[in-house]
Amino acid sequence: MGIWNMDIMLQTSFVKPPPTMQGTAHLYVANCGPDVGLAFSDIKKAFEIFGSVENVQLAGASGSRVYVSYHNVDDAVAARNAWNLKPCDALQGRVMVIQHAVPQTQSSVEEQVVFTSSADVGVPGLTLYTDFVTLSEEQELLREVDERSWQTLAKRRVQHYGYEFLYKTRNVDLSQKLGELPASLEPLLNKISLVPEIASAEEPTLPFDQLTVNEYPRGVGLSPHIDTHSAFEGSILSLSLGGPCIMEFRKYIKRGNSLVDGDAHTSTSISQQNDESNENAEAIVVRNDDSVPTGSVYIIRKALFLPPRSLLILSGEARYAWHHYIPHHKIDNVNGQVLDRGTRRVSFTFRKVRPGACNCPFIEHCDSQVSDAGELALQNEEIKESTKTLEELRSNDEIPKTPSEKQSMSAEMGNEPKHFNTTIPEIEKRYVHKVYNAIAPHFSDTRFAKWPKVAMFLESMEPGSVVADAGCGNGKYLGFNKKCFFVGCDISPPLIGICAQHGHEALVADALHLPYRTGFFDAGISIAVLHHLSNEERRLRAMEELLRVVRRKGRVLFTVWAVEQEDKKLLTKWTPLTCKYTEEWVDDTGAAFKRNLSMNSLKSIQEVESQVPTAIPSEDLKDSSTEGVRLSSMEKAAAAQQYILNEDLSTHDGKMKGEQQEYFVPWHLPYHRAEIAGASAAAIADGLARKDDVKRALVYNRYYHCFVEGELERLASKIQCARLVDHFYDKSNWCVILEKI
Amino acid sequence: MRLLTHNMLACNIKGVTKGFPLGIEHTRLETKESELNADFLRHIFPKLDWKAFHEAAQSVGVNNIPDQVEPVMLDDDEFLRKFHHALLEVHLEEGALICPETGRRFPVTKGVPNMLLNEDEV
């Protein structure tokens with residue numbers, strides 16, 4: 001399921017073809033269309049030079065990108081070969097970016113079917129009553145809660161009645177009864193008691209004695225979880241007021257593992273999922289993750305639309321074995337219809353506190369029967385779904401956060417001034433700024449390849465656009481589109497000096513504090529910048545800052561290195577930075593070092609920007625890896641310091657245990673270059689670089705936080721003033737295009 | 001640094017509410033001719049803070065920029081030439097930009113403003 005599929009404006013019926021597909025009859029043509037003065041008929045006529053054109057249609061909302069569909073693949077290939085990035089005589093010398101496209105088939109549609117009735121959704125024990133309360137009853141309930149005082153959590157506000165729900169333990173304290181539920185709710189509770197699912201429930205649910213009122217601001221969701229079994233018995237009810245939302249129900253099934261659900265329903269589900277003709281359109285994610293050696297993990301997902309004034313009842317399996325989740329969306333796409341969440345959604349969750357232990361049949365999810373059931377669910381989330389990270393889980397508020405994180409999250413609410421730690425972390429100063437300053441000329445001389453997707457983004461700009469390049473490096477994209485005015489900035493003065501020498505407009509500035517007026521620019525780019533920032537707060541801040549300086553409807557492209565590298569044949573030596581690793585590192589004993597190496601079996605991934613990527617025979621891997629981690633004592637100290645600082649965080653979120661994201665990536669500065677730069681002796685003395693006499697180069701380490709799939713989109717979803725218009729993977733980079741709203 | 005860039009720069013020191021426009025000190029200016037693009041000028045025109053542009057032009061000795069402008073003037077070739085020259089051809093090579101609220105100086109060296117803030121300024 002794509003988080004961003006609600007963006008119906010830009011939905012197209014074409015997608016990029018898989019790499020195995022050589023050519024297609026359809027072309028994506030950028031810098032071409034009505035907005036650049038070309039009518040469809042002109043375009044069709046021009047492209048018919050190569051053969052019969054079936055159709056020309058807009059690609060997305062811009063008006064300057066089209067899809068041209070030929071009848072024959074060969075004609076499309078010929079057109080692309082002739083005109084891609086070359087002046088096109090038939091269209092007034094225009095230079096277009098042309099790529100093949102394929103019509104989107106059912107299997108490539110990421111969209112999720114959203115059910116609107118509980119009968120269709122097919123989660124056992126789930127019932128939805130729409131219009132359970134009237135408009136005036138809704139208003140009255142909202143008015144009442146607004147008169148009472150709210151408790152502010154990181155992202156939402158809550159009120160507890162009966163018993164307080166304790167987010168730290170995800171349970172209630174039976175000895176701390178707050179009182180009865182408000183008397184004014186009696187008519188509502190009476191009405192609920194007559195609902196068949198409650199009145200004749202197998203497991204008694206009445207009387208409800210605990211109520212949590214949640215207020216979700218627009219865009220805030222709820223991370224996937226199952227309510228603690230031992231805390232509540234019977235059914236759980238949720239009355240939705242205010243705005244609507246989509247609630248997703250997920251069931252995790254781990255094959256070949258003792259945790260597999262034993263009931264018949266589960267096996268039915270799996271076989272259904274494997275059937276491609278399955279009409280229930282349940283999304284299923286099958287992952288063969290190395291970290292789950294016992295077998296594949298299945299996730300069954302079902303989405304249900306919860307309109308305002310509806311009552312959701314979760315009983316039995318739906319309550320005990322299915323995670324429920326509200327995506328962090330501002331708008332939802334309900335089967336093609338775009339629905340705004342509204343300013344807020346207020347839910348009344350009625351539950352009955354359980355006096356003893358739970359003895360439900362869903363043992364693997366039951367904290368009464370499995371000691372670490374809650375943890376298990378969390379770990380499952382971590383392992384099973386790379387698109388979801390602990391951040392999102394923790395945004396649930398029901399998992400403890402570090403103090404600094406709480407601070408930054410509450411700042412997002414906009415209720416309090418931002419307390420942002422503005423000090424640049426040492427690891428960035430040393431392993432990003434200093435290194436780039438030292439290698440600037442050499443870096444610049446090797447940086448000329450322009451990524452096609454960045455080129456396409458820049459080509460699609462309106463003539464006369466003013467573009468901010470935040471973290472522009474040697475300025476290879478400045479002036480890329482001659483019809484636009486580019487201003488580059490970078491924190492490295494030597495790199496900016498190079499930009500200026502090339503005649504570019506450039507200045508020295510920090511991407512986190514851009515020296516620009518708000519809303520001036522028509523567009524922004526942040527190419528390979530965010531991965532040099534060493535914590536999430538800073539990465540988010542850099543994104544927000546670039547969006548700040550862009551006008552409404554202006555677009556910003558962010559690209560970052562991906563953990564998921566495209567070409568795994570090309571192995572280079574990156575040094576993974578992990579907490580565990582650092583402990584042994586600081587120890588600095590050869591034995592500990594080796595043990596760790598074999599444990600981690602250093603992930604070697606192609607260096608995207610390596611000067612000359614060289615294939616290393618697999619037998620050499622061990623040696624080269626060893627070399628890759630030979631760091632100076634100062635490097636160790638600095639890294640250790642950084643990870644001591646982050647220890648709290650990393651222990652909490654377990655990120656370091658899962659996907660390796662933090663790396664030192666070497667830069668080899670040849671001796672002859674180093675002499676030119678005059679930096680070698682000082683850099684070695686400073687511990688910034690080490691000599692590699694075999695390669696005859698100074699080796700600098702650059703800090704990288706590589707992004708996992710979905711991470712960039714998740715960060716983007718936290719930005720209130722932007723919507724995501726595109727996200728893609730390109731040349732081992734994750735990329736998003738955001739539009740300021 | 002061109003005056004167009006000057007028109008988008010602001011001092012964003014923490015607590016500063018009026019960090020625009022920056023004052024200009026110059027010890028070296030340079031004129032670099034460039035091709036006039038009328039469409040670009042028309043596009044950029046509404047974005048500019050004209051008062052700031054006018055003052056900046058004066059502070060670098062370009063006195064032929066009117067202090068009041070109307071969009072209709074963009075059809076006048078003579079005006080476009082002056083506009084183009086002041087906006088894009090005059091470069092501040094050595095000098096400084098001054099925050100109007102705090103007086104903080106941002107040095108400009110070899111045409112490059114250094115807008116980095118100190119840690120106590122962010």
Side-chain angles (χ1 to χ4, degrees), chain A residues 417-425 429 433 461-468 475 479 481-522 541 545 548-551 554, chain B residues 1-22 30 32-35 37-49 52-53 74 84 87-88 91-94 97 99 104 106-122:
Chain A
K418 274 201 171 181
H419 298 289
F420 175 66
N421 183 356
T422 50
T423 311
I424 298 172
K429 285 186 187 168
H433 306 170
M461 290 290 137
E462 297 285 324
S465 295
V466 183
V467 184
N481 184 336
K482 301 287 179 213
K483 291 179 177 135
C484 299
F485 186 81
F486 288 77
V487 180
C489 72
D490 201 286
I491 205 160
S492 164
L495 285 172
I496 286 299
I498 291 166
C499 298
Q501 278 167 24
H502 293 154
H504 298 309
E505 199 74 353
L507 43 101
V508 181
D510 183 351
L512 279 81
H513 303 280
L514 294 174
Y516 304 129
R517 285 204 270 151
T518 296
F520 190 93
F521 292 88
D522 296 297
R541 173 64 184 248
E545 180 66 349
R548 177 185 68 80
V549 304
V550 169
R551 67 171 164 84
Chain B
M1 189 206 75
R2 295 165 172 88
L3 293 195
L4 170 52
T5 305
H6 171 265
N7 209 274
M8 59 183 86
L9 287 180
C11 169
N12 291 325
I13 288 178
K14 190 180 184 180
V16 167
T17 54
K18 200 184 175 306
F20 174 85
L22 299 169
E30 224 176 88
K32 299 173 189 171
E33 279 188 27
S34 66
E35 198 181 333
N37 180 334
D39 285 340
F40 178 76
L41 293 174
R42 290 189 187 107
H43 180 267
I44 200 74
F45 174 77
K47 290 177 159 300
L48 293 177
D49 181 308
F53 174 57
L74 294 167
H84 170 75
L87 189 71
L88 297 165
H91 292 250
L92 173 60
E93 288 294 309
E94 300 290 335
L97 301 170
C99 169
R104 162 76 144 90
F106 296 96
V108 179
T109 315
K110 292 181 182 170
V112 174
N114 186 332
M115 302 300 292
L116 271 184
L117 300 176
N118 301 326
E119 285 186 357
D120 58 357
E121 294 174 324
V122 294

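Naming convention: chains lettered A, B, ... in sequence-line order (proteins, then strands); numbering from 1 in each chain.
In this structure, the separation between CG on Asn114(B) and SG on Cys489(A) is 11.0 Å, given to the nearest 0.5 Å. In this structure, CG in Leu117(B) is found 11.5 Å from CG in Leu512(A), a value given to the nearest 0.5 Å. To the nearest 0.5 angstrom, Ile496(A) atom CD1 is 13.0 Å from Thr109(B) atom OG1. Between the CG atom of Leu4(B) and the CZ atom of Phe485(A) there is a distance of 4.0 Å, given to the nearest 0.5 Å. To the nearest 0.5 angstrom, Phe520(A) atom CZ is 8.5 Å from Thr5(B) atom OG1. In this structure, Lys482(A) NZ and Asn37(B) CG are separated by 13.0 Å, a value rounded to the nearest 0.5 Å.
Asp120(B) does not touch chain A: none of its heavy atoms, backbone or side chain, sits under 4.5 Å away. Residue Pro515(A) touches chain B through both its backbone and its side chain, counting heavy-atom pairs closer than 4.5 Å. Heavy atoms closer than 4.5 Å to chain A are found in both the backbone and the side chain of Leu116(B). Ile13(B) does not touch chain A: none of its heavy atoms, backbone or side chain, sits under 4.5 Å away.
Looking at every heavy atom in both residues, Val508(A) comes nearest to Val112(B) through CG2-CG1, 3.9 Å. Across all their heavy atoms, Ala506(A) and Pro113(B) have their closest contact at O-CD, 3.7 Å.
Put simply, the side chain of Glu121(B) does not reach to within 4.5 Å of the side chain of His513(A), judged on heavy atoms.
Of the listed residues Lys110(B), His91(B), Met8(B), Met115(B), the one with more heavy-atom pairs under 4.5 angstrom with chain A than any other is Met8(B). Ranked by heavy-atom pairs under 4.5 Å with chain A, the first of Leu22(B), Asp49(B), Leu41(B) is Asp49(B).
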* **Criterion salt bridge (charged side-chain N to carboxylate O under 4.0 Å, His left out) on Asp39(B) and Lys483(A), from CA distance to verdict** => CA-CA 9 Å; Asp39(B) 285 340; Lys483(A) 291 179 177 135; over 6 Å; no
